[in-house]
Asks: 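Please find one structure pasted underneath; my questions will follow.
In what follows, chains are A, B, ... by sequence order, proteins preceding strands, each numbered from 1. Keep in mind it's a predicted model, so treat the numbers as computed, not measured. The figures here come from the full heavy-atom set of this structure, side chains too, leaving out hydrogens, waters and symmetry mates.
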2 protein chains.
Amino acid sequence: MTDPTPEPAAPRRRADVERNERAIVDAASRVFSASGVDAPVREVAAAAGVGMGTLYRHFPTRADLMVAVYRHQIDECAEAGPALLASAPSPFVALLAWVHRYVDFLGTKHGLGNVWQGDAPGLTALHQLFLDRLLPVLSSLLDAARESGEVVADVRPYELLRAVGDLVAWTVHDPDYDVRHIVTLLLTGLRQEQPDWEQTDAD
Amino acid sequence: MTDPTPEPAAPRRRADVERNERAIVDAASRVFSASGVDAPVREVAAAAGVGMGTLYRHFPTRADLMVAVYRHQIDECAEAGPALLASAPSPFVALLAWVHRYVDFLGTKHGLGNVWQGDAPGLTALHQLFLDRLLPVLSSLLDAARESGEVVADVRPYELLRAVGDLVAWTVHDPDYDVRHIVTLLLTGLRQEQPDWEQTDAD
DNA sequence: CACGTTACGGAGCGATGTTCCGCTTTGCAA
DNA sequence: TTGCAAAGCGGAACATCGCTCCGTAACGTG
């Protein structure tokens with residue numbers, strides 16, 4: 001589904017190119033797990049046994065590298081959406097379950113939440129991947145929950161996806177802070193119409 | 001450490017010490033406004049007309065500097081709590097208004113949200129200041145709203161303070177993402193009891 | 001096997017955080 | 001007023017990190 005054309009005009013890649021690319025993604029995967037996604041680029045290059053130049057030619061930005069490392073897991077997360085919708089007792093429960101799954105995914109990659117930060121204009125590759133793959137899923141879950149009448153609040157999928165991302169962003173294991181709980185609270189809020197509070201604040 | 005006592009044993013500070021400290025905080029205030037709280041330390045030192053050594057002796061960490069710059073505003077935010085509680089039509093409305101004020105405060109300092117990130121163990125100076133000054137305020141607002149029956153959800157003040165902080169953290173002006181809206185949704189969620197959803201997710 | 005093309009490696013540049021130490025300023029006292 | 005020790009200052013220097021650049025090595029085709 002991702003991977004459109006297998007061989008559009010196959011410019012026949014050199015053997016070392018293939019080999020290095022695998023080595024880099026492999027190393028990055030290991031390094032990210034061990035030191036977080038903010039690990040120095042040099043470290044990844046060293047772990048892969050390639051030079052900086054090679055790494056940068058293959059993955060010009062850190063986000064590109066992260067895409068390569070996490071694309072598979074993101075796809076899995078996306079694909080879980082329809083399945084949950086089909087098996088859950090109600091659309092809202094499915095929504096809740098999916099969002100929790102999303103939280104778990106982000107949470108295990110220490111620091112991945114930054115996806116939503118930084119450059120809004122250029123839209124980093126990873127940011128874009130999240131939008132492409134996850135937004136439609138969340139969108140349909142939300143629609144279903146709205147149709148079933150469980151969700152009544154006016155909220156756009158993008159807002160929700162990003163808000164949850166922000167909440168998880170820097171989660172370190174803190175006994176006093178349970179992201180899942182907060183996320184559940186947020187989703188619970190969707191079940192209520194919101195009065196005209198929006199104007200309530202000062203100034 | 002927060003230095004409550006004016007003169008515990010007044011070791012009589014040198015004049016230049018006083019002068020430099022003022023100059024640094026002043027400069028930092030200007031630089032932070034102009035370039036965000038992540039501005040290079042050198043820039044602040046230059047703007048203050050002092051050397052790096054001087055700056056670091058006065059403020060060993062960036063957080064210490066931020067405390068000096070923002071303490072006043074944080075105090076104002078804290079003091080607004082009781083006032084709002086007294087003047088708002090209901091405790092929940094006061095809670096909502098105060099949280100929005102908190103959001104506005106964080107939002108105007110581009111990047112200040114990082115307070116909650118980083119070292120949980122040592123607790124950065126700024127993090128600690130937020131806890132000391134704002135947590136009690138939010139706590140009392142929340143209690144009041146719970147007593148009035150408007151808030152029924154089980155949530156601790158710390159969770160809420162931090163969640164909102166995370167939501168605002170990197171807010172850049174994005175037409176597709178309105179933090180205030182999301183925060184309102186979150187608070188709305190507090191008005192409902194939460195079913196046993198917490199367990200709903202897979203695995 | 002030779003040669004042109006492609007890719008590689010890592011030194012090097014600029015930016016930033018942080019430390020360290022010789023020199024200056026300050027305040028007290030003679 | 002002047003001398004002096006201590007306190008404080010300045011900024012060079014070191015360490016890291018992101019990123020670029022180009023001489024050199026590897027590849028694969030004829």
Side-chain angles (χ1 to χ4, degrees), chain A residues 7 9-28 31-32 34-69 110-111 114-115 117-119 122 124-126, chain B residues 7 9-28 31-32 34-69 110-111 114-115 117-119 122 124-126:
Chain A
E7 274 103 349
R12 190 104 96 288
R13 306 211 304 165
R14 273 170 53 162
D16 49 353
V17 172
E18 211 90 42
R19 180 167 15 100
N20 281 324
E21 190 161 313
R22 279 190 59 88
I24 291 171
V25 175
D26 245 45
V31 171
F32 286 173
S35 317
V37 295
D38 287 325
V41 181
R42 274 174 174 76
E43 204 174 311
V44 175
V50 305
M52 301 287 300
T54 304
L55 195 156
Y56 270 95
R57 189 163 336 90
H58 285 275
F59 306 98
T61 75
R62 180 188 297 276
D64 292 321
L65 190 50
M66 300 210 292
V67 165
V69 171
H110 150 216
N114 314 32
V115 189
Q117 302 166 1
D119 47 358
T124 187
L126 192 56
Chain B
E7 273 102 345
R12 191 107 97 288
R13 307 212 304 165
R14 274 171 52 161
D16 49 352
V17 172
E18 211 93 39
R19 178 166 17 99
N20 281 325
E21 191 161 310
R22 279 188 59 90
I24 292 172
V25 174
D26 246 44
V31 172
F32 285 173
S35 318
V37 295
D38 287 325
V41 182
R42 272 174 176 72
E43 205 173 310
V44 174
V50 305
M52 302 290 299
T54 304
L55 196 156
Y56 270 94
R57 190 163 334 91
H58 284 276
F59 305 99
T61 75
R62 181 186 296 275
D64 292 320
L65 190 50
M66 301 210 292
V67 164
V69 171
H110 144 219
N114 315 34
V115 188
Q117 302 166 2
D119 46 359
T124 187
L126 193 56

Asks: Starting from P on dG8(D), measure out to CZ on Phe59(B) and report it in whole angstrom.
Replies: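 In whole Å, dG8(D) P lies 14 Å from Phe59(B) CZ.
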Asks: Taking for each residue the nucleotide of DNA chain C with the nearest heavy atom, is it Val50(A) or Ala39(B) whose nucleotide lies nearer the 5' end?
Replies: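 Of the two residues, Val50(A) wins.
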Asks: Counting the atoms with a prime plus P, OP1 and OP2 as sugar-phosphate, which does Ala45(B) contact under 4.0 Å by heavy atoms, base, sugar-phosphate, or nothing?
Replies: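 Ala45(B): no heavy atom of the nucleic acid under 4.0 Å.
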Asks: Can you tell me if the side-chain N/O atoms of Asn20(B) get under 4.0 Å from OP1 or OP2 in dC9(D)?
Replies: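 So the side chain of Asn20(B) is within the cut-off, an N or O lying under 4.0 Å from OP1 or OP2 of dC9(D).
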Asks: I want to verify a distance call: between dA7(C), dC9(D), dG10(D), whose nearest atom is closest to the Arg14(A) side chain?
Replies: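 Minimum distance to the Arg14(A) side chain belongs to dA7(C).
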Asks: Quick one: which of dC19(D), dC9(D), dT26(C) gets closest to the side chain of His58(B)?
Replies: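 It is dC9(D).
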Asks: Would you tell me if any nitrogen or oxygen in the side chain of Arg13(A) comes within less than 4.0 Å of OP1 or OP2 on dA7(C)?
Replies: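 So the side-chain polar atoms of Arg13(A) never come under 4.0 Å of the phosphate oxygens OP1 or OP2 of dA7(C).
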Asks: In the structure I gave you, are the side-chain heavy atoms of His58(B) and Asp64(B) within less than 4.5 Å of one another anywhere?
Replies: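 Sidechains of Asp64(B) and His58(B): no contact.
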Asks: Calculate the interatomic distance between Tyr56(A) atom OH and dC17(D) atom P; express it in whole Å.
Replies: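 To the nearest whole Å, that distance equals 12 Å.
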Asks: Could you pull out the closest heavy-atom pair between Leu55(A) and Val44(A), with the gap in Å?
Replies: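 Looking at all heavy atoms of both residues, the shortest contact is CD1-CG1, 3.8 Å.
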Asks: Does Arg57(A) contact dG10(C) through a side-chain donor or acceptor facing the base, at a distance under 3.5 Å?
Replies: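 Flag unset: no donor-acceptor pair detected.
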Asks: When the distance from CZ of Arg19(A) to C1' of dG28(D) is rounded to whole Å, what number comes out?
Replies: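 To the nearest whole Å, that distance equals 13 Å.
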Asks: For a quick test of reading the model, state the closest non-hydrogen atom pair linking Ser35(B) to Glu43(B) and the distance between them.
Replies: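 The pair with the smallest heavy-atom distance is OG-OE2, 3.2 Å.
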Asks: Give me the atom names and distance for the closest heavy-atom approach of Leu65(B) to Phe59(B).
Replies: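 Nearest heavy atoms, Leu65(B) then Phe59(B): CD1-CD1, 3.7 Å.
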Asks: Nearest of dC27(D), dA13(D), dG8(D) to any side-chain atom of Arg42(B)?
Replies: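 My answer, after comparing the listed nucleotides, is dA13(D).
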Asks: Supply the atom-to-atom distance Met66(A) CE to Thr61(A) OG1, rounded to the nearest 0.5 angstrom.
Replies: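 Nearest 0.5 Å value for the CE-OG1 distance: 8.0 Å.
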Asks: Measure from the side chain of Met52(A), starting at C-beta and using heavy atoms only, and say which of dG17(C), dC19(D), dC9(D) lies closest.
Replies: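 Selected nucleotide: dC19(D).
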Asks: Think Thr54(A) has a side-chain N or O under 4.0 angstrom from the OP1 or OP2 of dG9(C)?
Replies: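 Yes, Thr54(A) has a side-chain N/O under 4.0 Å of OP1/OP2 on dG9(C).
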Asks: Return the value, rounded to whole Å, for the distance between atom CG of Asp38(A) and atom P of dT16(D).
Replies: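 To the nearest whole Å, that distance equals 17 Å.
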Asks: Leu55(B) CG to dT19(C) P: how many Å, rounded?
Replies: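 Between P of dT19(C) and CG of Leu55(B): 13 Å.
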Asks: Please work out if Arg62(A) contacts a base, only the sugar-phosphate, or nothing of the nucleic acid, heavy-atom cut-off 4.0 Å.
Replies: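 Arg62(A): backbone/sugar contact only, no base atoms under 4.0 Å.
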Asks: Measure from the side chain of Asp16(A), starting at C-beta and using heavy atoms only, and say which of dC27(D), dG9(C), dC19(D) lies closest.
Replies: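 Nucleotide nearest to Asp16(A)'s side chain: dC27(D).
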